[in-house]
Amino acid sequence: MSTATVLVLEAPERLVAHEFDIPEPRPGEAVLRVEACGLCGTDHEMFTGAMPAPLPLVPGHEVIGTLESATPEFLAARGLAAGDRVALEVFQRCGECGPCRRGAYPLCRRHGLRDSYGNTPISVGSGLWGGYATHMLLTADSLVHRVPEGLDPAFATLFNPLGAGVRWGTTLPEVSTGDVVVVLGPGLRGLSAVASASLAGAGFVMLTGAGERDAERLELGRKLGATEAIDITRVDPKALLKERVGGLADVVVDVTAAAPAAFTQALDLVRPGGTVVVAGTRGKKVLDHFNPDRIVLKELRLLGARGVDGEAYATALELLATDARFRALPRRTVGLDVAAVSDLLSTMAGGNEPPLHAVVVP
């Protein structure tokens with residue numbers, strides 16, 4: 001039996017290399033050889049302990065890899081061939097429960113978060129659930145997408161945050177031609193939401209950040225379609241909106257991390273009858289006092305966004321293959337090394353120059 005090298009997060013800030021047996025895939029399953037795994041904000045939050053996680057586990061859910069040992073059932077069900085390069089979705093789908101039948105499989109009653117990739121403890125099954133590894137075991141309920149020819153695996157890991165931008169910044173809020181959209185947070189998902197809203201025909205797109213640390217990201221936002229990209233420590237976003245469009249936003253997308261005050265800002269920037277999408281997670285940082293009257297008085301549509309769906313992932317992969325603007329996003333890569341990955345996660349969590357796009361390449 002062959003083995004996989006994996007990095008296990010045993011406790012906050014304790015990442016340890018292990019060798020796990022790679023089991024023979026059962027009917028409907030496949031072994032994926034990991035080529036690249038993007039590092040998400042939730043990864044560094046689990047690493048520092050800011051976000052609760054079912055430790056010990058193998059982190060990593062922005063995975064690109066090749067099908068090394070796939071059963072005929074797995075391949076036939078997905079129209080794939082052995083050796084195909086694929087992008088792995090975070091959530092599994094049973095296809096039978098109510099949420100799955102209505103297309104909301106991130107809420108699948110059989111799977112959901114409890115056995116999502118990058119968030120499942122090593123005590124479950126083979127333990128090969130995360131992308132900080134040389135190999136993963138894909139279940140019969142896993143979902144993958146063929147990666148377009150010519151896409152570098154490390155670059156292709158953008159399919160995950162870009163898919164989030166498509167779903168959160170366009171599909172869920174139903175952005176249409178001429179809409180005024182504000183995106184709070186210039187991380188990868190915020191930048192992706194800007195690009196998606198712009199491509200959907202939004203008439204005005206504002207991106208916000210805070211402080212010098214966000215200056216470069218705000219400039220990237222302009223290149224990806226933001227009409228305005230502002231530092232809220234220097235510019236009043238509400239005043240600027242009123243000056244530029246004569247009112248408030250039709251849609252506000254909040255993708256900030258550990259910033260509970262951004263939620264109240266979102267309510268302040270959206271027009272009466274508008275839509276607020278809440279996708280950024282706060283972890284242990286919450287508002288001490290909150291009065292929901294503004295939601296009532298403005299008759300707002302408030303949407304929580306949990307993950308991404310297959311349609312958005314497919315759109316993201318197509319954009320990566322056809323829209324050269326995304327190739328300008330800076331990236332930092334490291335090998336499957338405990339010290340290097342730990343240092344990168346620490347830098348993402350609180351370093352002076354956190355990378356916008358970080359990738360582990362086994």
Side-chain angles (χ1 to χ4, degrees), residues 35-43 60-65 85-90 131 144-172 175 181 183-202 205-209 214-229 253 255 257 277 279-280 305 307-334 344 348 353-361:
E35 294 182 283
C37 179
L39 275 61
C40 178
T42 57
D43 288 8
H61 59 266
E62 301 179 0
V63 181
I64 299 291
R85 176 173 290 151
V86 296
L88 175 64
E89 291 199 24
V90 177
V144 296
H145 300 263
R146 184 185 284 108
V147 175
E149 290 289 334
L151 281 189
D152 172 76
F155 174 67
T157 60
L158 284 171
F159 85 95
N160 184 288
L162 182 53
V166 169
R167 183 169 186 256
W168 306 346
T170 302
T171 309
L172 276 179
V175 169
V181 178
V183 178
L184 308 182
L188 265 182
R189 284 156 181 78
L191 291 168
S192 296
V194 164
S196 182
S198 173
L199 290 168
V205 182
M206 178 189 287
L207 173 66
T208 70
D214 286 341
E216 182 179 346
R217 298 182 179 195
L218 291 173
E219 184 57 35
L220 284 170
R222 294 184 182 93
K223 294 177 181 178
L224 289 171
T227 315
E228 293 281 357
V253 184
V255 291
V277 177
V308 190
D309 59 18
E311 183 177 347
Y313 282 134
T315 299
L317 286 165
E318 181 180 354
L319 286 173
L320 291 176
T322 58
D323 192 331
R325 293 179 303 167
F326 296 106
R327 297 186 182 276
L329 295 175
R331 179 169 64 251
R332 188 183 305 174
T333 62
V334 296
L344 188 53
M348 292 175 68
E353 296 183 3
L356 178 65
H357 182 207
V359 184
V360 173
V361 179

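For clarity, every value in this text was computed on a predicted model and none was experimentally measured.
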Go through Arg331 and Asp152 one step at a time and tell me if the side-chain contact (heavy atoms from CB on, under 4.5 Å) criterion holds. CA-CA 12 Å; Arg331 179 169 64 251; Asp152 172 76; 4.1 Å; yes
Hey, are the side chains of Leu199 and Leu319 touching, using non-hydrogen atoms and a 4.5 Å cut-off? yes
Ala226 and Leu207 have their tightest heavy-atom pair at CB-CB, 4.3 Å
Checking the side chain of Trp168 only, and the main-chain atoms of Gly307 only, is there a donor and an acceptor separated by less than 3.5 Å? yes
Are more than 12 heavy atoms, taken from residues, nucleotides or ligands other than Glu311, located less than 6.0 Å from that residue's CD atom? no
Would you say that Thr333 contacts Val360 through its side chain, given a criterion of any heavy-atom pair below 4.5 Å between the two side chains? no
So how far is it from Leu162 CG to Phe326 CZ, rounded to the nearest 0.5 Å? 4.5 Å
For the residue pair Arg332 and Leu344, establish whether any side-chain heavy-atom pair is separated by less than 4.5 Å. yes
As a quick check of understanding, evaluate side-chain contact (heavy atoms from CB on, under 4.5 Å) for Phe159 and Val147, giving each step before the final call. CA-CA 9 Å; Phe159 85 95; Val147 175; over 6 Å; no
So, do Leu220 and Pro330 sit near enough that their side-chain heavy atoms are less than 4.5 Å apart? yes
His145 side, atom NE2; Glu318 side, atom CD - distance, nearest 0.5 Å: 13.0 Å
Work out which heavy atom in Pro161 is nearest to a heavy atom in Arg189; give both atom names and the distance. CB-NH1, 3.6 Å
Spacing of Glu89 atom CD and Asp309 atom CG [to the nearest 0.5 Å]: 7.5 Å
Hey, what do you get for CG (Asp43) to CE (Met348), rounding to the nearest 0.5 Å? 7.0 Å
Measuring from atom CG of Leu356 to atom CD of Glu216, what distance do you get when rounded to the nearest 0.5 angstrom? 8.0 Å
Donor-acceptor contact below 3.5 Å, side chain Thr227 vs main chain Val205: yes
Do Leu224 and Ser198 touch side chain to side chain, with heavy atoms closer than 4.5 Å? no
Looking at Phe155, I'd like to know if the NZ or CZ of Arg327 sits under 6.0 Å from its six-membered ring centre while staying within 45 degrees of the ring's axis. yes
How long is the gap from CG on Leu39 to CG on Asn160, to the nearest 0.5 Å? 11.5 Å
Can you tell if the side chain of Leu329 reaches within under 4.5 Å of the side chain of Leu188, non-hydrogen atoms only? yes
Closest non-hydrogen atom pair, Ala193 against Gly169: CB-CA, 4.0 Å
Nearest atoms (heavy-atom pairs only) where Pro148 meets Ala321: CB-CB, 3.9 Å
Minimal non-hydrogen separation, Val255 against Ala279, with atom names: CG1-CB, 4.0 Å
Are any non-hydrogen side-chain atoms of His357 and Thr157 less than 4.5 angstrom apart? yes
So, for Val175 and Ala197, which heavy atoms are closest and what is the spacing to 0.1 Å? CG1-O, 4.5 Å
